There are 2 protein chains.
Amino acid sequence: MRSIKLQNRPGTGTYIKGQERIEQILVAAQGILIDKGYSGLSMRKIATAVGITIGNLHYYYPSKKDLLSDLLDHVIEGYLLEFNTARAEAGSSALDQFIAIINFIVDDLTTHDTTNFFPELWALANHDEQAAERMHELYRKARLDINDLIAQINPTLSHQQREEVGLFISASLEGLTPFIGNGKPWNSNVANIKRIAIKSFVDLVTDIRDEDIASSKSELIAACD
Amino acid sequence: MRSIKLQNRPGTGTYIKGQERIEQILVAAQGILIDKGYSGLSMRKIATAVGITIGNLHYYYPSKKDLLSDLLDHVIEGYLLEFNTARAEAGSSALDQFIAIINFIVDDLTTHDTTNFFPELWALANHDEQAAERMHELYRKARLDINDLIAQINPTLSHQQREEVGLFISASLEGLTPFIGNGKPWNSNVANIKRIAIKSFVDLVTDIRDEDIASSKSELIAACD
DNA sequence: CCAAATATAGGACGATTGAACTATTTTATT
DNA sequence: AATAAAATAGTTCAATCGTCCTATATTTGG
């Protein structure tokens, strides 16, 4: 099922029981991180949630840092897997696939887990370099599909312009999380917000031209800030 | 200078020294929260940063919860003040003011403090009801100006549609923080991203019509998800 | 089935945490 | 100057933290 290389202590996880245990540990850690935040995530709480002792947990993960590293890989791998399957189910035309991705992202960020996990990840990335790397790696992979579709919808854009438009769309969608996410004040408006997002992003990708984004040359001439 | 009602222990802060001390405490706490995150924010670290003892800190804030409550008020009040002055400096036409606000928000979220504080606030809001209330109150106030300008630019929008468009724009801008913020991978592209944002949001507010956002009636007929 | 590797339990360590308490010093007002 | 309120220092407490160590139980491969 999962084929990524985990970073637990070498030697551990070779028995079936150990592999299952690692999975239990990561699932439990993810649940605590989502429910209580990073400040509420401790080795003892993880061990208790799994039903093992701290000594046993420490056998798999000698330090909390090791566990967090594996946890981020585990969660991010799950999202990438989810993202790929969603892409496969998309429509035929580039525009349909583009809209399907927006729909998928919005639907996903309104789930309990995603709503609560990602703000934690963003905060973590501000103080943990490793978390930052994992986060940006996740988003970079997630933008590959978006950028590809943008290129099909609007072939006039340069590579850099396409990447910047893709980043803007991706980041904008992520920004909806604390507002329309699970249990958030605007969660009941998610259907309308989604329509606004689709119209806005489709128009953006369709209509935007080179002149709208200053090149490095014209940027030197007229800095608009 | 600051006129908001703080929530420190009654009786404290009546002397000038006490008022200055409270300000020092909140500034120090904000700095630690920004630099180390909430998990790295402790009463002792705050006291040490201020140069007082834990006992003295507890005299002002009997519990960490009380301090956090005051801290959020303090920081949010600062942002609202900053936002109001920025609005006063904006141009004459509604469209110019709209663009000025976008410029201000993007410039602000690329500062070190804002880049690091708000993700912490979003994560905090997921696990602390009081933090959630403060956060949404801040954004609600910040959207007042945006919504007002949207109404001037596009008077055809209903109240609800205007609010939803305003929320989408505000949330989208916030979402840029973990990507183009201070020290983030796309920080060097902030000028171009800003142009994309301005074009996208101006087009959205100018062009959007009632039909683009389904009313409660048509929503029942055709759910597009 | 047996030996080596793996998994688990349980306790202990020092450090840190939020909180509480008392005694002393400083401030502002009369 | 006197006095009441406010501010500060210093200590202690129980709980929790990450980490480490040792002994025992379990699993797997030959």
Side-chain angles (χ1 to χ4, degrees), chain A residues 5-29 32-33 35-72 124 127-128 130-131, chain B residues 5-29 32-33 35-72 124 127-128 130-131:
Chain A
K5 186 66 161 47
L6 292 181
Q7 301 186 345
N8 50 294
R9 177 153 67 184
T12 65
T14 56
Y15 290 0
I16 299 176
K17 196 172 187 179
Q19 291 183 22
E20 293 175 343
R21 198 58 99 190
I22 290 174
E23 182 73 16
Q24 290 176 353
I25 290 170
L26 297 179
V27 169
I32 296 173
L33 181 64
D35 287 343
K36 306 293 180 185
Y38 181 72
S39 67
L41 182 70
S42 71
M43 299 293 274
R44 277 174 177 79
K45 286 180 184 174
I46 297 170
T48 301
V50 175
I52 60 177
T53 60
I54 314 109
N56 194 10
L57 177 59
H58 182 255
Y59 164 74
Y60 288 101
Y61 293 104
S63 76
K64 188 181 179 182
K65 188 179 177 182
D66 296 328
L67 196 154
L68 181 66
S69 175
D70 230 6
L71 172 60
L72 293 182
L124 221 49
H127 316 106
D128 184 332
Q130 196 156 30
Chain B
K5 185 65 162 48
L6 292 182
Q7 301 186 346
N8 51 297
R9 176 151 68 184
T12 65
T14 57
Y15 290 179
I16 298 175
K17 196 172 188 179
Q19 292 181 21
E20 293 175 342
R21 198 58 98 189
I22 290 174
E23 182 72 17
Q24 289 176 354
I25 291 170
L26 297 180
V27 169
I32 297 172
L33 182 63
D35 288 342
K36 306 293 180 184
Y38 181 72
S39 67
L41 182 70
S42 71
M43 299 293 275
R44 276 173 176 82
K45 287 180 183 173
I46 297 170
T48 301
V50 176
I52 60 178
T53 59
I54 316 108
N56 194 9
L57 178 58
H58 266 95
Y59 164 74
Y60 289 101
Y61 294 105
S63 76
K64 189 181 179 182
K65 187 179 177 182
D66 296 327
L67 196 154
L68 181 66
S69 175
D70 230 7
L71 172 61
L72 294 182
L124 223 48
H127 316 106
D128 185 332
Q130 195 158 29

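Proteins come first, then strands; the chains are lettered A, B, ... in the order of their sequence lines, and each starts at number 1. Given the structure is predicted, the values throughout are model-derived calculations rather than measurements.
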Verdict with reasoning, A:Val50 to A:Asn56, per side-chain contact (heavy atoms from CB on, under 4.5 Å): CA-CA 11 Å; A:Val50 175; A:Asn56 194 10; over 6 Å; no

Partners passing side chain to side chain donor-acceptor pair (under 3.5 Å) against B:Gln24 (at least two apart in sequence or in another chain): B:Arg21

Inter-end axis angle, the helix from C:dC1-D:dG30 to C:dT30-D:dA1, with every axis fitted to five base pairs (rounded, 10 degrees): 20°

Sub-4.0 Å heavy-atom contacts from residues 53-60 of chain A onto DNA chain D, ordered by number: A:Ile54, A:His58

DNA chain D contacts among residues 41-50 of chain B, heavy-atom distance under 4.0 Å: B:Arg44

Test side chain to side chain contact (heavy atoms under 4.5 Å, CB included) applied to A:Lys65 - qualifying residues, sequence neighbours left out: A:Ser63, A:Gln130

Residues in side chain to side chain contact (heavy atoms under 4.5 Å, CB included) contact with B:Glu20, at least two apart in sequence or another chain: B:Ile16

Nucleotide range of DNA chain C lying under 4.0 Å from chain A heavy atoms: C:dA5 to C:dA12

Separation of atom NZ in B:Lys64 from atom C1' in D:dT16, rounded to whole Å: 13 Å

Is there side-chain contact between [X] and [Y], with at least one heavy-atom pair below 4.5 Å?
X: A:Leu26; Y: A:Tyr61; result: yes
X: B:Ile25; Y: B:Asp70; result: no
X: B:Leu124; Y: B:Leu68; result: yes

Rounded to the nearest 0.5 Å, how far does [atom2] of [Y] lie from [atom1] of [X]?
X: B:Lys64; Y: B:Leu57; atom1: NZ; atom2: CG; answer: 11.0 Å
X: A:Leu71; Y: A:Ile32; atom1: CG; atom2: CD1; answer: 10.0 Å
X: B:His127; Y: A:Asp35; atom1: NE2; atom2: CG; answer: 7.0 Å
X: B:Ile52; Y: B:Tyr60; atom1: CD1; atom2: OH; answer: 7.0 Å

Side-chain polar contacts of residues 38-49 of chain B - donor-acceptor pairs under 3.5 angstrom, sequence neighbours left out - could you list them?
| from | atom 1 | to | atom 2 | distance (Å) |
| --- | --- | --- | --- | --- |
| B:Ser42 | OG | B:Lys45 | N | 3.2 |
| B:Lys45 | NZ | B:Gly40 | O | 3.2 |
| B:Thr48 | OG1 | B:Arg44 | O | 2.9 |

Closest heavy-atom pair and its distance - A:Leu67, A:Ala29: CD2-CB, 3.9 Å

Sugar-phosphate or base contact per nucleotide [nucleotides 25-30 of chain D; S, B, -; heavy atom under 4.0 Å]: -SBS--

